[in-house]
Amino acid sequence: MVGPASFRPSPGSIPESPGVYRFRGAEGRVIYVGKAKNLRQRLNSYFADFAGLHPRTQTMLTTAVDVDWTVVGTEVEALQLEYSWIKEYDPRFNVKYRDDKSYPYLAVTMGEEFPRVQVLRGAKRKGTRYFGPYSHAWAIRETVDLLLRVFPIRSCSAGVFRRAGQIGRPCLLGYIDKCSAPCVSRVTAQEHRTLAEDFCDFMAGNTGRFMKRLEREMRQAAADQEYERAARLRDDIQALLRAMEKQAVVLGEGTDCDVVALAEDPLEAAVQVFYVRGGRIRGQRGWVVDKVEEAGPSELVEQFLLQMYGDATPEALPREVLVPVLPPDAEAVTELLSEHRKARVEIRVPQRGDKKSLMETVWRNAMESLKQHKLKRASDLTTRSKALQEVADALDLDQAPLRVECYDVSHIQGTDVVASMVVFEDGLARKSEYRRFSVRSTEGDVASIYEVISRRFKRYLEERSATGELDAEAGAEPGIDPETGRPRKFAYPPNLVVVDGGPAQAAAAQRALDELGVDDVAVCGLAKRLEEVWLPGEDLPVILPRSSEALYLLQRVRDEAHRFAITYHRSKRSKSVKESALDEVPGLGPARRQALIKHFGSVKRLREATAAQICEIPGIGPATAETIVSALKGENP
């Protein structure tokens, strides 16, 4: 194990300027990113008294083999660069906040011609307005069901919307007045967009003007003796009131803030956020984090604010962020968030009153979240460690396989042959490392496995050579692309290769590695019929107990590879099916083929269309339309 003294920078070489530094591991991967007001002072603290450092910091230094840095002009620039590097390199020793669950949001797709309201999870999409997050999806659906009485905007899928337009009849929601039915032109696109904007304004907390407007219209309808309309408006007001009652009033009207609370122990921390808009709690969200670096509450708060708001849209940032303690560089963080929001953002610690009471409530939620996470995580960590050790014992490996790659081949009768590569690190899927292959061989699964393993490890050897691990090219960094500074796609080898199949597939994978001279990677095959583990060159399989954690882990890896391969095969086959019927039409290029499929949705519907309907697509004239109709009917165009 390399000690920190072996790569300590020479005295006086480190500048005394603000900047960001990176520690790298033996394979060139960035393992830690940090920032400092004074780079020399900060980096010297790592090497001056190794014994006095925190144990996790000692582990990071003994794992590292190199350190470099970049000088910046201000502390704000250091914060920005630190955040972008953490996001790019995903260093293992940095604090990484992850959701303790996938929270649902109420989303309005304002980027579409006819905006749609729906429940969404996962990454946020451009052009969509989000409200929440909510603790349960049913809470969103109850709110939406109430609000559609007053704001009848579209909530159907693209397929239902398109179908209703084709047959000229709206769906059930259109008949019961919970949709304004833009699909059949009951309202114009602009009128429907106005309804969607009013819906968003109400969800954003601007409720007063809608209540006053409905009350005014109700009184006017009653005065005009339009009692049915007045009764409906009364019911609309009650629906809005019920929707508002679901959101507790905690602060003064007009208060927009995020309340952040932190609960921690020596190993982990949990963060809870309550989103307060217009004085009401609009949503709640939680994160948990492993404290892999030495960090106190203020450092954890700073990292959380950067990661939470780093990719947020300007309108998602509140005017005020309430935190348990101020971050170390509070002024720099405030300036960075204000610059991102394009308006002033205040970071404060509440001292008294309602905000202090709300902070205590959020903190109790964080404590409960940490407690529940530790109960769940304890068994999870133990199980994964046990599974990896059982795999090592069963396959007679020198150490537990911390990186496992699994390969699977998918095809239908030898056509559209594809393969997948999935990666598990420490027993967990690492989806950013997944890869897929279009297989050239048509000689069966065994030949396909041989081809894919050969291609993958040829790339590995090429990239090792390019970065200097084999020929020690001057100035090259192992595993890192010298032009982009990012990790190469196939730069890191696995400890274990698993192939979906029996002894033939395992032997093919081993033969590919032997021919390339790769002798430090173990190989096994997992046969699906009896879940037998086959080792290359062995006459009998390894039989793992049906209840063993090792077998469960190998099954999960194999099933994930199978799922990933099937998904790629289906998309490839679907694309070929869609295009093949139109490929032979003379004068029809890729752009117009794509326009046809986009307009009609499928080749089946295109076959049912007339030449006049096909002519409606821009760029397609009568002669071309007739040619398309003839070609799809099997006639000679």
Side-chain angles (χ1 to χ4, degrees), residues 90 122 387-388 391 395 401-463 487-513 516 518 521-529 531-534 536 550-577:
D90 190 23
L388 291 171
V391 169
L395 304 185
L402 298 182
R403 181 181 171 106
V404 179
E405 292 180 3
C406 185
Y407 298 82
D408 186 29
V409 176
S410 180
H411 60 87
I412 291 182
Q413 296 180 345
T415 62
D416 293 324
V417 184
V418 300
S420 66
M421 171 186 121
V422 302
V423 179
F424 275 58
E425 289 189 352
D426 295 331
L428 296 175
R430 190 173 177 86
K431 294 192 176 183
S432 61
E433 300 282 324
Y434 285 14
R435 299 290 179 262
R436 56 192 191 183
F437 303 82
S438 288
V439 179
R440 307 182 188 106
S441 173
T442 58
E443 299 176 5
D445 288 358
V446 174
S448 298
I449 287 290
Y450 173 80
E451 176 191 328
V452 170
I453 298 294
S454 299
R455 286 166 58 184
R456 185 265 185 266
F457 283 92
K458 279 180 183 176
R459 283 288 301 276
Y460 162 59
L461 295 175
E462 289 170 1
E463 293 182 1
R488 294 175 180 267
K489 289 184 178 181
F490 295 96
Y492 303 110
N495 304 107
L496 173 65
V497 165
V498 180
V499 294
D500 183 17
Q505 284 83 358
Q510 186 64 59
R511 179 161 53 90
L513 293 176
L516 293 171
V518 178
V521 176
V523 175
C524 74
L526 183 59
K528 198 170 295 183
R529 189 170 67 90
E531 303 293 16
E532 300 166 331
V533 179
W534 288 91
L551 180 59
Y552 177 65
L553 174 62
L554 292 177
Q555 286 173 329
R556 279 199 302 129
V557 173
R558 189 266 320 280
D559 292 345
E560 179 69 357
H562 184 64
R563 179 200 64 80
F564 194 52
I566 285 287
T567 302
Y568 181 38
H569 174 70
R570 284 174 179 166
S571 67
K572 189 173 181 181
R573 181 161 49 91
S574 175
K575 183 179 178 182
S576 65
V577 168

Taking distance alone, no hydrogens or angles, what donor-acceptor pairs closer than 3.5 Å link side-chain atoms of residues 554-561 to residues at least two apart or in another chain?
| unit_1 | atom_1 | unit_2 | atom_2 | d |
| --- | --- | --- | --- | --- |
| Q555 | NE2 | E531 | OE2 | 3.3 |
| R556 | NH2 | G427 | O | 3.3 |
| R558 | NH1 | E531 | OE1 | 3.3 |
| R558 | NH2 | E531 | OE1 | 3.3 |
| R558 | NH2 | E531 | OE2 | 3.0 |
| E560 | OE1 | R563 | NE | 3.1 |
| E560 | OE2 | Y434 | OH | 2.9 |
| E560 | OE2 | R563 | NH2 | 2.9 |

Which residues share a side chain to side chain donor-acceptor pair (under 3.5 Å) with N495, sequence neighbours left out: none
Minimum-distance pair of heavy atoms, taken over all atoms of V418 and A565: CG2-O, 3.7 Å
side-chain contact (heavy atoms from CB on, under 4.5 Å) partners for A550, two or more places apart: E390, V391, L544, S548
Partners meeting salt bridge (charged side-chain N to carboxylate O under 4.0 Å, His left out) with R455 (sequence neighbours left out): E451
Y450 side, atom OH; Q510 side, atom CD - distance, nearest 0.5 Å: 12.5 Å
side-chain contact (heavy atoms from CB on, under 4.5 Å) between E405 and R456, intermediate numbers included: CA-CA 11 Å; E405 292 180 3; R456 185 265 185 266; 2.7 Å; yes
Contacts of Q505 that satisfy side chain to side chain donor-acceptor pair (under 3.5 Å) - sequence neighbours left out: none
Straight-line distance of L513 CG to Y460 OH, nearest 0.5 Å: 11.0 Å
Nearest-0.5 Å distance that lies between atom NE2 in H562 and atom OG in S410: 6.5 Å
Non-hydrogen atoms of W534 and G502 that approach each other most closely: CD1-CA, 3.8 Å
Spacing of CG belonging to L516 relative to CD1 belonging to I453, to within rounding of 0.5 Å: 10.0 Å
Non-neighbouring partners of R430 that pass salt bridge (charged side-chain N to carboxylate O under 4.0 Å, His left out), sequence neighbours left out: D90, E425, E433
Pairing residues for A447 by the side-chain contact (heavy atoms from CB on, under 4.5 Å) criterion, not counting sequence neighbours: S441, E443
Taking every non-hydrogen atom, the tightest pair across V523 and P536: O-CD, 3.3 Å
Note, V423 side chain near P494 side chain (heavy atom, < 4.5 Å): no
Spacing of D408 atom CG and M421 atom CE [to the nearest 0.5 Å]: 14.0 Å
For S438, side chain to side chain donor-acceptor pair (under 3.5 Å) partners two or more places apart: Y568, K572
Residue list, side-chain contact (heavy atoms from CB on, under 4.5 Å) with L428, at least two apart or on another chain: R384
Non-hydrogen side-chain atoms of V497 and F457 separated by less than 4.5 Å: yes
Pairwise side-chain contact, V409 with I449, heavy-atom cut-off 4.5 Å (strictly under): yes
